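What follows is a single structure, written as structure tokens, with notes after it.
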Amino acid sequence: MSPTPAAPARDRLRIAIQKKGRLADPARALLTACGLSWRESRDKLFCFGESLPVDLLLVRDDDIPGLIADGVCDLGIVGFNELDEQAKARRQIGLPDAYRPLRELGFGECRLMLGIPEEWEWTGVEMLQGKRIATSYPAILTAWLAERGIAADVVELSGSVEIAPRLGTADLIADLVSSGATLRANQLKPVEVLMESTAVLAGPVRELNDSRANLMAMLLRRLDGINATREQKLLMFNAAEDRLPAITALLPASADVVRLPGGADSLRLQAMCGTGLSWQQLEEIERAGASGLMVLAVEKSLA
Ligand code: PRP
Ligand code: ZN
């Protein structure tokens, strides 16, 4: 961990993403959807940007906050849990904030939770008093315990946290839970949520002041376009004028119905819907008098 050095001037933007793990594939897919492409092979650590001067660094997720802090990378896609843990750890030793979440990305949902042996009966946080808790998130756990006035031992482990109770190195754990399978496989049960987390795009606290700033702004704008249209669907259909009230009543509240030119016997219509439409909804709309229904995903939009 180091103080924030002045970022060296560069004309290519560098983004760190997880090389292997839960966030790796969705992170790449998102950046690809932003129009980025690279000359690379999947197992390389560095991918050279082809469509834009934006390069990728494939690393361990735990290294991403530090790479941004050191100015080695300009952006990173990382779990908010990891970013917050390292931000808290920096503050605890008096270092200034070096990175911040810029956007939530809508994938990588998980929770940092307390897991206790299955045979324990959870009666509340008071029972943590004097216990040993194994975790890879010591800063978050320490702050959480302090807020509740609990004196417990935080046992920092970098991996295999879930077996600590069986090995006798801790009484319980605080770890990420996604499906819950890891806890169950280790005869532990989740009892308390310390933090909800999703993947975020993280960037430096200090603004870039060279050509990378424009690249970053462009990327953020494209990401916002993807976020805004993630759930949007365009419904196209034909219907007679007198069927329209019944059909409109079946559309999502957000739908904005527009009449298109043409169509002799029936109107040609389109409706932008803020949410997806299920098969069942489409069939009901059809029964209400619509025909030729078609649902189109919105791929790109610039606000
Ligand atoms: C987390 C956590 C558990 C697993 C839980 O690891 O440490 O091992 O996920 O998932 P489950 O509830 O679906 O079983 P993560 O994928 O974040 O990898 P890392 O901690 O090694 O970076
Ligand atoms: Zn990790």
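For ligands, and for the atoms within them, numbers begin at 1 and follow the listed sequence. Owing to the predicted nature of the structure, the values given are computational and were not obtained by experimental measurement.
- At least one side-chain heavy atom of R28 sits under 4.5 Å from a side-chain heavy atom of L58.
- A salt bridge is defined here as a Lys NZ or Arg NE, NH1 or NH2 lying under 4.0 Å from an Asp or Glu carboxylate O, and R14 with D74 fails to meet this definition.
- Ionic pairing of E118 and R166 is not present here: no N-O contact between side-chain nitrogen and carboxylate oxygen is shorter than 4.0 angstrom.
- With contacts defined as side-chain heavy-atom distances shorter than 4.5 Å, the pair D25/F107 does not qualify.
- The residues lining ligand 1, counting any heavy atom closer than 4.0 Å, are R22, D61, D175, L176, V177, S178, S179, G180, A181, T182.
- Scored by the side chain to side chain donor-acceptor pair (under 3.5 Å) test, R221 finds no partners at all (sequence neighbours excluded).
- Summary: OD1 is the N/O/S atom of D62 found nearest to the Zn ion (ligand 2).
- Each of M272, K233, M236 was scored for a side-chain contact (heavy atoms from CB on, under 4.5 Å) with L296, with one residue passing: M236.
- With Q86 as reference, E82 is the one residue of K88, E82, R90 to meet the side-chain hydrogen bond (donor to acceptor under 3.5 Å, both in side chains) rule.
- Among the atoms of D61, an N, O or S atom falls under 2.8 Å of the Zn ion (ligand 2).
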